[in-house]
Amino acid sequence: MNFDLTDEQRAYRDAARQFAIGELAPHAARWDEEQYFPKEVVRRAGELGFCALYTPVADGGLGLSRLDASIILEEMAAGCTSTTAYITIHNMALWMIATFGSEPLKAQWCPSMVTGEKLASYCLTEPGAGSDAASLKTVARRSGNEYRLTGTKAFISGAGSTEVLVVMARLEDEKGVHGGAGGVCSFVVPGDAPGITYGRKEQKMGWNSQPTRQINFDDVAIPIGNRLGNEGDGFKIAMRGLDGGRINIATCSIGTAQAALDQATRYMTERRQFGQTLSQFQALQFKLADMATELVAARNMVRLAAWKLDSKDPDATTYCAMAKRFATDVGFEVCNAALQLHGGYGYIKEYPLERHVRDSRVHQILEGTNEIMRVIISRRVLMEGANEVIR
């Protein structure tokens with residue numbers, strides 16, 4: 001095994017780092033304070049290909065591996081967690097359209113989404129369907145050559161400011177409403193389609209540079225050609241998207257934690273107490289050592305999961321769940337420890353630590369809570385012979 005990055009991966013990493021330093025980090029605190037969604041900066045990311053990292057080249061994307069994408073997103077998250085997290089959601093939605101959409105549907109949406117001219121939201125969660133995604137209630141009623149979409153989606157990133165929605169809904173036809181995971185379909189819906197209304201912008205603990213709203217669908221007409229895959233494929237499509245989404249959000253935790261660790265290291269060499277710098281206190285040295293060790297372990301876990309997904313390993317879903325659970329927990333703890341090392345200064349907005357803590361906390365909840373990740377992992381581990389395979 002070779003853990004070194006290739007020359008190409010280093011080039012992508014360096015480009016992403018420069019983008020983060022120049023376009024994200026200088027403005028992240030203001031975006032957070034003003035709750036401003038920097039769509040113009042997302043478009044500049046699109047100019048570099050960062051809005052279509054693993055979208056196939058044939059559809060205008062960079063066609064990178066999930067491992068390559070993780071390396072890029074980690075650097076961007078160090079600049080602004082919230083904005084990068086939105087970019088990962090857009091990447092996921094675009095990949096779903098490019099992978100499962102018809103040629104006319106791809107021709108309609110992919111070119112403008114690749115550049116970031118048009119942005120996407122991913123609509124799975126509902127007020128009564130969070131961790132239990134298969135229990136969603138939004139219905140798509142088949143009516144001739146179209147579907148009529150009715151229902152409500154909740155906690156949707158970018159909602160109200162994006163042009164395209166990838167929506168999961170339950171099929172209803174002459175047989176009635178189809179239950180279970182096999183009754184779910186996936187659709188591409190214009191964000192301004194008649195019958196769509198948006199709720200108020202949620203006031204959140206973090207992730208303030210992207211809006212979050214409820215979306216209501218009232219008998220929204222959707223052409224049959226806007227369906228992704230076949231009828232009943234929606235849940236499978238959603239879960240395939242979430243495998244990559246879990247790697248993405250774990251990566252955002254790593255990038256944020258690295259920024260926090262870097263800040264804490266600088267602070268410890270500058271701040272003096274009792275006649276010496278904080279870096280000379282062994283207890284604090286040990287804390288820094290633990291933070292760095294756990295962060296490296298989390299990074300390697302995420303990159304292993306990305307490699308498994310790229311390799312189409314049959315246990316990729318388990319590895320993605322492991323990586324998401326571990327990296328988001330570690331990322332939050334490293335950010336929290338970095339704040340603690342700053343003492344009272346860590347609690348004020350002059351320093352970025354309190355924002356890192358707020359922005360990274362939600363990573364333990366979304367893309368499947370870490371409790372659900374444990375369910376996924378334990379179910380696989382309890383299968384006969386699993387521990388000979390997953391080790």
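What's counted below: heavy atoms across the whole structure, side chains too, no hydrogens, waters or symmetry copies.
- Separating the CG atom in Leu67 from the CD1 atom in Ile72 is a distance of 10.0 Å, to the nearest 0.5 Å.
- No path of Ile, Leu, Val, Met, Phe, Trp and Tyr side chains, each step under 4.5 Å between heavy atoms, connects Ile249 with Leu295, placing them in separate hydrophobic clusters.
- When the side chain to side chain contact (heavy atoms under 4.5 Å, CB included) test is applied to Glu8, the partners found at least two apart in sequence or on another chain are Thr6, Tyr12.
- Here Glu350 pairs with nothing under the salt bridge (Lys or Arg N to Asp or Glu O under 4.0 Å) rule; sequence neighbours left out.
- Exactly one residue among Phe217, Tyr147, Phe100 makes a ring pair (Phe, Tyr, Trp, His ring centres under 6.0 Å) with Phe187. That residue is Tyr147.
- Other residues, nucleotides and ligands place more than 12 heavy atoms under 6.0 Å from the CZ atom of Phe281.
- Asp262 has no carboxylate O lying under 4.0 Å from a charged side-chain N of Arg17, or vice versa, which leaves the two without a salt bridge.
- Salt-bridge formation is not detected for the pair Glu33/Arg30: no Lys NZ or Arg NE/NH1/NH2 atom is positioned less than 4.0 Å from an Asp or Glu carboxylate oxygen.
- In the hydrophobic cluster analysis, where Ile, Leu, Val, Met, Phe, Trp and Tyr join through side-chain heavy atoms closer than 4.5 angstrom, Tyr122 is grouped together with Leu136.
- Glu354 and Arg358 are joined by a salt bridge, as a carboxylate oxygen and a charged side-chain nitrogen come within less than 4.0 angstrom of each other.
- Ionic pairing of Arg148 and Glu146 is present here: one or more N-O contacts between side-chain nitrogen and carboxylate oxygen are shorter than 4.0 angstrom.
- In plain terms, the two heavy atoms of Asn226 and Leu105 that are nearest each other are OD1-CD1, 3.7 Å.
- Sequence neighbours left out, the pairs with a member in residues 76-87 that pass side chain to side chain donor-acceptor pair (under 3.5 Å) are Thr81-Thr256, Ser82-Ser209, Thr83-Ser209.
- Put simply, the side chain of Gln258 reaches to within 4.5 Å of the side chain of Arg299, judged on heavy atoms.
- You'll find the side chain of Leu53 reaches within 4.5 Å of the side chain of Phe50, heavy atoms only.
- Arg10 has a carboxylate O that lies under 4.0 Å from a charged side-chain N of Asp7, or vice versa, which qualifies the two as a salt bridge.
- A salt bridge links Arg303 with Glu74: the closest approach of a Lys/Arg side-chain nitrogen to an acidic carboxylate oxygen falls below 4.0 angstrom.
- For Lys236, the NZ atom counts as loosely surrounded, since its 6.0 Å shell holds 12 or fewer non-hydrogen atoms of other residues, nucleotides or ligands.
- A distance of 7.0 Å separates CG in Asn370 from CZ in Arg325, rounded to the nearest 0.5 Å.
- Taking 4.5 Å as the limit, some side-chain heavy atom of Met113 sits within range of a side-chain heavy atom of His90.
- Thr369 pairs by the side chain to side chain contact (heavy atoms under 4.5 Å, CB included) definition with Ser131, Ile365, Glu371, Ile372, not counting sequence neighbours.
- For the side-chain contact (heavy atoms from CB on, under 4.5 Å) with Leu278, the qualifying choice from Glu270, Gln285, Arg271 is Arg271, the only one to do so.
- A 6.0 Å sphere centred on NZ of Lys287 holds no more than 12 heavy atoms belonging to other residues, nucleotides or ligands.
- A donor-acceptor pair under 3.5 Å is formed between the side chain of Thr269 and the backbone N or O of Arg266.
- Counted within 6.0 Å of CD on Gln276, heavy atoms from surrounding residues, nucleotides or ligands total more than 12; the atom is thus considered enclosed.
- With sequence neighbours excluded, the residues forming a side chain to side chain contact (heavy atoms under 4.5 Å, CB included) with Phe326 are Ala297, Ala298, Met301, Val330, listed by chain and number.
- Contact check on Glu23 versus Arg44 returns a salt bridge, with a Lys/Arg side-chain nitrogen under 4.0 Å from an Asp/Glu carboxylate oxygen.
- Considering every non-hydrogen atom in both Gly368 and Lys324, the closest pair reads O-NZ, 2.7 Å.
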Worked check of salt bridge (Lys or Arg N to Asp or Glu O under 4.0 Å) between Arg66 and Asp310
CA-CA 6 Å; Arg66 298 306 176 97; Asp310 288 330; 5.2 Å; no

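- With a 6.0 Å radius and a threshold of 12 heavy atoms from other residues, nucleotides or ligands, Arg374 has its CZ atom above the threshold.
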Could you give me the CA-CA distance, side-chain angles and deciding distance for Lys308 and Asp313, then say whether salt bridge (Lys or Arg N to Asp or Glu O under 4.0 Å) is met?
CA-CA 5 Å; Lys308 292 284 187 181; Asp313 188 285; 3.4 Å; yes

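- Among residues two or more places apart in sequence or in another chain, the side chain to side chain contact (heavy atoms under 4.5 Å, CB included) test is passed with Gln340 by none.
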Show your working on side-chain hydrogen bond (donor to acceptor under 3.5 Å, both in side chains) between Lys39 and Ser161 and close with a plain yes or no.
CA-CA 9 Å; Lys39 295 178 71 172; Ser161 298; 5.6 Å; no

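- Proximity of Cys252 to His363: side-chain heavy atoms (C-beta onward) are separated by under 4.5 Å at one or more points.
- Annotation for Phe155: atom CZ does not count as buried by contact number, only 12 or fewer foreign heavy atoms lying within 6.0 Å.
- Taking 4.5 Å as the limit, some side-chain heavy atom of Phe19 sits within range of a side-chain heavy atom of Met76.
- At least one side-chain heavy atom of Lys153 sits less than 4.5 Å from a side-chain heavy atom of Thr138.
- Residues Glu231 and Arg142 have side chains in contact (heavy-atom distance under 4.5 Å, counting atoms from C-beta outward).
- The shortest distance between side-chain heavy atoms of Ile247 and Asp243 does not fall below 4.5 Å.
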